[in-house]
Structures are given as C-alpha cells and as structure tokens.
Protein chains: 4
Amino acid sequence: MPKIINNLRSKISRAAYQLFSEKGYSAVSMKIVAEETGIAVGTLYNYYTNKEELFIKVIEEKIKNHKKIFDKYLQKEELDLEMFITHLYDEINKSKGVIDEVIKKNINSKEKKIVTRLRSDLLEIVDQILIQFKEKKGIKKGAKAERKRGVYALLIMILILDRRFPGEREKNISYLLKMANLI
Amino acid sequence: MPKIINNLRSKISRAAYQLFSEKGYSAVSMKIVAEETGIAVGTLYNYYTNKEELFIKVIEEKIKNHKKIFDKYLQKEELDLEMFITHLYDEINKSKGVIDEVIKKNINSKEKKIVTRLRSDLLEIVDQILIQFKEKKGIKKGAKAERKRGVYALLIMILILDRRFPGEREKNISYLLKMANLI
Amino acid sequence: MPKIINNLRSKISRAAYQLFSEKGYSAVSMKIVAEETGIAVGTLYNYYTNKEELFIKVIEEKIKNHKKIFDKYLQKEELDLEMFITHLYDEINKSKGVIDEVIKKNINSKEKKIVTRLRSDLLEIVDQILIQFKEKKGIKKGAKAERKRGVYALLIMILILDRRFPGEREKNISYLLKMANLI
Amino acid sequence: MPKIINNLRSKISRAAYQLFSEKGYSAVSMKIVAEETGIAVGTLYNYYTNKEELFIKVIEEKIKNHKKIFDKYLQKEELDLEMFITHLYDEINKSKGVIDEVIKKNINSKEKKIVTRLRSDLLEIVDQILIQFKEKKGIKKGAKAERKRGVYALLIMILILDRRFPGEREKNISYLLKMANLI
DNA sequence: AATGAATGAGGCTTCATTCAT
DNA sequence: AATGAATGAAGCCTCATTCAT
C-alpha cells in the first residue's frame with residue numbers, strides 16, 4: 001500500500017545525516033534510517049544504491065553546502081576574521097558527526113577519493129579566504145604546505161572543540177582565532 | 001585439549017589493542033582477537049565479559065601507561081618543551097586507532113564515564129607538565145579552563161596531524177609546538 | 001503520463017520469452033521484463049496476474065507455436081526424416097531456455113498441469129509425424145508407450161545436445177537421426 | 001546453547017543434496033537447509049563458506065562417488081552391458097536433481113570449471129567401460145568425439161527418463177540399452 | 001581453565017506486488 | 001490504461017555469545 005511522498009530524497013538525506021552524525025557509520029542500520037524517515041527499508045534503495053552510497057552522498061551534499069556558503073566570503077569587501085571564524089564554527093558544527101567519519105578510514109578507496117576531493121575543496125576555500133585577509137592586513141602569507149596544515153587543523157579543531165566543550169561556543173571561537181593566527 | 005597459558009590477560013590485551021588500533025572497534029571481531037592471541041574464542045570470555053569490556057580495558061591500560069610515562073617528566077629538573085612534545089607525539093601515535101574510538105561515542109554511557117575519567121587523567125598530567133615548564137620560564141599560567149582546552153586540542157591534534165600528514169613528523173611537531181605555546 | 005500501446009500483450013510476451021530463455025525463471029525480474037518491453041512494472045500486472053502466470057503463458061504460446069509449425073508436416077505428401085529432424089532441431093532450439101524451466105519442477109502443481117498438457121500436445125504431434133513416416137516406409141510402428149518415450153527422449157536431446165555441443169549442429173542432428181530411428 | 005553434533009558435515013550434505021535435488025539451486029534457502037539438517041543457519045557457515053560452495057561440494061561428492069563405483073567395472077573380467085546400464089541407471093538416479101543443476105548454467109565461471117571437470121571425469125569412465133565392452137565383443141570403437149556425444153546423451157537420458165517415467169524402470173533401461181548400442 | 005562448534009539475532013539487499021496519481 | 005514509487009517479506013551472511021566437552 002504505497003503512498004507518494006514528496007521530497008523523499010531530501011527527507012532520507014536529513015534523517016541519515018542526523019543518524020550518521022550521532023552514531024557513526026557502522027552503528028547506523030538501514031532499518032533505523034528507514035524508520036527515522038518514516039518509510040520502508042526497500043524504499044531507501046530506490047534512492048541510494050546501498051548504505052555506502054547513502055553515506056557518501058550525505059557527506060557530499062554537506063560539504064558542497066559549506067563550500068557554497070564560504071565562497072561568498074571571497075567576494076566580500078570587508079573581512080573580519082573573528083566574524084569569519086564564528087561563521088565557520090557555526091556552519092561546520094551543523095554537520096559535525098558526519099565529518100568525523102570522513103576523518104576515519106573505514107570507507108573503501110573509491111569512495112575515499114570522492115571524500116578526499118570534497119575535503120580539499122573546502123580546505124582550499126578557507127585557505128583563500130585567510131590569504132585574502134592577510135593581504136588586507138599586509139601580513140606575508142606562509143608556505144602553501146604549512147598553510148594547508150594550519151587550515152586543516154583549524155577545521156578539525158572546530159569540530160572537536162564543539163563536541164568536547166559544547167556549552168562554550170565563545171571560548172572555543174576565541175581559541176580558534178588564536179589558531180587561525182598561527183597559519 | 002586445553003593448554004595452560006601464562007599472562008593470557010596481557011597477551012589478549014596486546015593483541016586486541018593492536019587490532020583495535022588498526023581497524024577500529026566494529027571492524028574487529030572476537031574471532032580475530034582470539035586468533036591473533038593464539039587462543040580459542042571461548043577463552044576470551046574467561047577474561048573479559050564481552051567485547052565492549054575488552055575494548056574499554058584495553059584503552060584503560062594504554063592510558064594508564066601514557067600517564068606513567070609522562071609522570072616521569074614531572075620529576076625532571078630540566079624540561080625541554082620541544083623534546084617533551086616530540087615524546088608526546090610519538091607515544092600517543094602508538095595508540096592512535098584506539099583513541100579514535102574514544103573520541104567517537106558509540107560506547108554506551110557506563111563505559112563512556114570510565115573513558116572520560118581516563119582521558120581527564122592524561123590531560124591533567126600534560127597540563128601539569130606544561131605549567132611546570134612555564135613556571136621555569138617565568139611565564140604566567142592561564143586560567144585552568146583555558147589550559148584544559150589547549151591541552152585537549154594539543155593531544156587531539158597530535159593524532160590528527162600524524163594521520164593526515166604521516167610522512168611529515170618534524171613539521172607536525174613544529175606546528176604542535178606553536179599550539180603548545182598558545183596554552 | 002500514460003501512453004497507449006498497441007499489442008502490448010504480445011510485446012511483453014516476446015520480451016519475457018527472450019529473457020526467460022537467456023537467464024531462466026528466477027534470474028529474470030519483473031523490472032527487467034518491463035524495461036525490455038519498454039513499459040512500467042505496474043503495467044505488466046494489467047496483463048498478467050503475477051510472474052508465474054507470465055511465465056506459463058509465455059511457454060503456452062511458444063509450444064502452441066511449435067505445434068502449429070509441425071502440424072504442417074502432417075499434410076505433406078513427401079516426408080524426409082532428416083529434413084524434419086533438422087527443422088525440429090532448429091525450431092526447438094529457438095526456445096531452449098524456457099524449456100529448461102519446464103523440465104525443472106519449481107512451478108507449483110496447478111501450473112505444472114498446464115505445462116504437462118502443452119508438452120503432451122507437442123509430443124503427440126511429433127509422434128504422429130514419425131508414424132506417418134514409418135507407414136510410408138512400410139515400417140511397423142511400435143507400442144504407443146514406447147514411442148512416447150522415444151519421442152520425448154528425442155525432443156529433450158535436441159535441447160541438450162545443442163547446449164552441450166553448440167558448434168556441432170550437423171553432428172548433433174546426425175546423432176538425433178539415429179535416435180529417431182530407434183523409435 | 002550449543003550442542004555438539006556428530007558428522008554434521010555429512011548430515012548437512014545429505015540434507016542439502018536432497019533439497020537441491022527436489023527444488024533446484026535457487027529454490028533452496030539456507031534456512032531450509034538448516035532446518036532440514038536440524039541446526040541453526042549460522043552453523044552451515046562453519047562448514048561451507050556460502051550457498052554456492054555448499055552446492056558445489058555436494059555435487060563434487062556425488063560425482064566422485066559415482067566415479068568410484070564405476071571404476072570397479074574397469075577391473076572386471078566379465079562385463080554384461082545390461083547389468084552395467086542397470087547399475088548406471090540406479091546410481092545416477094540417486095542424485096538426479098543435483099545433476100540437473102550442473103546442466104544448467106546459473107553457476108559462475110569459477111565453479112562451473114570444477115563442475116565441468118567432474119562431469120568430464122564421469123563421462124571418461126563410462127566411455128572406457130563401454131570401449132572395453134566393445135573390444136570384448138570384437139566391435140570397432142567409433143571416433144572419440146562421437147563416443148563423447150553418445151555417452152553424454154546416455155547419462156543425461158538416464159536422468160530424464162527416470163524423472164519423466166518414474167515407474168517404468170525396466171522399460172527405461174531397455175531404451176537406454178538401445179541408446180548405448182548407438183555409441 | 002581452555003576449547004571451538006553451535007546458536008540466532010540482526011544487518012544488508014532484492015524483488016514481486018500494490019495502488020495513488 | 002499506464003505509471004513507478006512504496007512496500008515488506010525473505011534471502012544471504014556475520015558475529016557476539018554460550019556451553020558441553
């Protein structure tokens with residue numbers, strides 16, 4: 001007794017994202033995703049080939065989203081570092097759980113490549129924003145490789161601090177600002 | 001045809017630790033742990049109530065071990081920050097896989113408490129070492145809460161950088177030194 | 001956006017027959033049949049109650065078709081045994097995959113009866129043709145039951161030899177001729 | 001609550017063989033095999049890697065068995081063709097259902113090779129017995145390829161006739177004798 | 001105390017079938 | 001009459017755990 005459901009793909013995506021964030025890849029069953037979405041298990045497979053694809057697509061979407069948001073900063077005249085970091089902090093923490101999984105390696109190599117590329121895109125954008133900021137302040141930019149490490153550390157630390165010290169948003173951001181200045 | 005085995009508990013612990021480090025909690029089966037230890041699956045259950053307890057106990061031991069090692073720094077006359085960070089880096093990276101799992105939360109709350117306590121112990125010790133170092137240099141120590149955040153960030157970043165930039169130990173350490181100075 | 005399709009029933013039948021022949025009953029999904037026919041899955045169920053009925057009806061049609069073709073031999077003045085066997089060989093091998101399934105018994109008893117009847121029809125016709133041939137040659141016909149066995153063996157062997165020795169049509173036919181003479 | 005079971009491997013094999021014979025590969029579920037054996041599903045997997053291996057091993061065993069039995073005929077002084085065909089008939093019909101599957105192609109290529117080899121072995125042996133028989137009677141043996149076709153036809157027909165005319169063992173055998181003489 | 005075969009719940013996935021549009 | 005998304009039972013397989021030996 002099928003019922004037509006609107007925007008099911010995005011409903012599934014939302015539920016899956018939520019669950020993966022909370023529990024991590026292997027602790028989430030397709031059954032749970034289906035239940036949380038309010039559909040039958042089989043229906044999931046009309047939208048995603050398998051569990052892994054579901055996971056990858058969920059991440060893909062999230063990171064694309066981040067990228068889009070931060071791209072806007074590159075066009076801005078004024079750039080306030082604190083405001084940017086704050087924004088970064090809030091945005092990234094919307095998807096914290098999923099990103100955990102990206103850091104982990106229990107994804108097979110084909111998917112890993114996709115994830116790696118997505119991550120690179122995101123790092124690149126943050127790097128460019130920070131460079132632009134330094135140029136405005138007249139600060140010399142460091143070596144590319146070192147910046148990369150610094151940006152990476154910054155993004156990861158956003159996730160980690162928010163999880164570990166969830167009630168201390170301001171203090172976390174203030175620490176992250178110091179980290180941003182190391183770059 | 002049972003065989004008596006000495007120090008079986010520590011043998012299991014070693015094998016399990018190795019495996020959890022490499023593959024993560026859910027990718028390790030009790031069968032593999034038994035095989036790697038060279039015993040039967042049933043025997044595992046004479047030493048650990050279940051898989052989760054095995055995991056927790058393994059972590060417990062490792063962190064206790066770290067603690068012991070770093071405790072020695074507190075008695076030392078001379079304290080070279082770079083040397084300490086280097087040591088920290090190498091020690092922690094020996095158990096990176098396991099610690100990943102600790103960061104994740106797919107452990108139930110009872111066990112989580114234990115892990116939390118263990119982690120606090122480790123943080124505490126590193127904090128004290130850093131304080132001691134600052135005192136020797138005549139630098140004023142910051143607020144407890146802020147130090148805690150910094151130390152935590154430092155430890156996590158050790159794991160993360162080593163995984164992401166595995167061939168760049170020196171550069172990683174050099175970045176971590178800068179982070180340590182933020183504390 | 002429904003579209004009206006002419007002769008859909010026969011289009012489905014053709015596609016299904018092709019697929020069942022190639023892959024066998026259980027390896028063919030209703031989805032594939034629909035795709036191959038160029039229609040939606042649901043439409044299949046407007047023409048056939050379920051998968052099993054589709055299968056049965058497809059066979060039914062094929063065997064009827066054989067029957068029709070061989071019926072013509074009964075009216076012929078001249079009858080060359082070799083030519084007949086050759087024709088039989090080629091005709092039957094067009095539907096080999098489906099007939100495999102008929103030989104197997106994973107069909108429930110109701111359908112089995114239908115298939116049995118269809119098969120009997122076909123056997124009957126070949127029997128009559130062979131009798132007619134013998135009469136012309138002045139050879140005495142054997143007992144009904146024995147002829148039945150022989151004809152059955154002949155038909156089955158056509159399928160089997162063509163599959164096992166697919167490149168050896170002439171030699172297969174020559175062997176089958178010998179079998180036909182046993183009848 | 002495990003209970004130790006003796007000769008479980010052969011018990012599984014027997015049950016599986018029976019079921020595959022009756023229903024064919026895809027209509028037999030691992031659950032049914034387990035139930036019929038009187039064990040849990042998981043236990044099956046302690047003895048066979050997967051369903052396909054179970055199937056292959058069951059066949060393997062049966063054909064090996066046939067081979068062993070017929071090997072004895074090669075040493076015999078006296079050889080009565082009728083007796084041999086009768087024996088062949090009875091032996092082969094013990095495993096009829098499974099052999100069906102060997103004829104079908106729904107096995108992947110790796111396993112198919114094994115099955116093909118096993119079948120060749122069996123054909124070879126029957127061929128040699130028939131040659132030996134002919135030599136004793138002073139009959140010239142035909143070309144290898146033609147004998148192969150004839151022996152294959154003989155074996156298949158044993159299966160087919162017994163299934164189609166199950167109550168007519170003697171008449172089936174008598175027909176098969178005629179087929180054997182064609183070789 | 002050690003063994004490892006047996007257990008069975010639970011995970012992923014497929015697919016015949018239904019029915020709102 | 002046609003559509004195809006939704007359904008959910010059922011299949012294969014894994015693995016933590018138990019317990020007779």
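Labels below follow one simple rule: chain letters A, B, ... track the order of the sequence lines, proteins then strands, and each chain is numbered from 1. In this text, all values refer to a predicted model and were calculated from it rather than measured experimentally.
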inquiry  = Applying the salt bridge (charged side-chain N to carboxylate O under 4.0 Å, His left out) criterion to D:Lys57, which one of D:Glu53, D:Glu61, D:Glu60 satisfies it?
reply    = D:Glu53

query = Between E:dT7, E:dA16, E:dT13, which nucleotide has the shortest distance from any of its atoms to the side chain of C:Tyr45?
reply = E:dA16

Nucleotide forming a Watson-Crick or wobble pair with E:dA9, both distances under 3.5 Å = F:dT14

Residue whose closest nucleotide on DNA chain F lies nearer the 5' end, B:Lys31 versus B:Gly42 = B:Lys31

query = Using purine N1 to pyrimidine N3 plus N6-O4 or O6-N4 for Watson-Crick, or N1-O2 and O6-N3 for G-U wobble, each under 3.5 Å, what pairs with E:dA20?
reply = F:dT3

Listed nucleotide nearest any side-chain atom of B:Leu8, set F:dA6, F:dT17, E:dA2 = E:dA2

inquiry  = What's D:Leu44 touching, base or sugar-phosphate or nothing? Going by heavy atoms closer than 4.0 Å.
reply    = nothing

query = Using a cut-off of less than 4.0 Å, is there contact between a side-chain N or O of A:Lys51 and OP1 or OP2 of E:dC12?
reply = yes

key: Whole-Å distance separating the CE atom of B:Met30 from the P atom of E:dA2   = 15 Å

ask   = With sugar-phosphate meaning primed atoms plus P, OP1 and OP2, does D:Tyr47 contact a base, only sugar-phosphate, or nothing at under 4.0 Å between heavy atoms?
value = sugar-phosphate

task = Taking the side chain as every heavy atom from C-beta outward, state whether B:Phe20 and B:Leu54 have any atom pair closer than 4.5 Å.
result = yes

message = If you assign each of C:Ser29 and A:Ser29 to its closest nucleotide in DNA chain E, which residue comes earlier from the 5' end?
response = A:Ser29

task = Give the rounded distance in Å between these two atoms: CD of C:Glu35 and P of E:dC15.
result = 12 Å

Atom-to-atom span, CD of A:Glu53 to P of E:dT14 - whole angstrom = 12 Å

request  = Scan A:Thr43 against the nucleic acid and name what it touches under 4.0 Å (heavy atoms): base, sugar-phosphate only, or nothing.
outcome  = base

ask   = So what does D:Val28 hit on the nucleic acid, given a heavy-atom distance under 4.0 Å: a base, only sugar-phosphate, or nothing?
value = sugar-phosphate

Value in whole Å for how far the P atom of F:dA1 lies from OH of C:Tyr48 = 15 Å

inquiry  = As a test of reading the structure: which of E:dT3, F:dT7, E:dT7 is closest to the side chain of D:Asn46, going by heavy atoms?
reply    = E:dT7

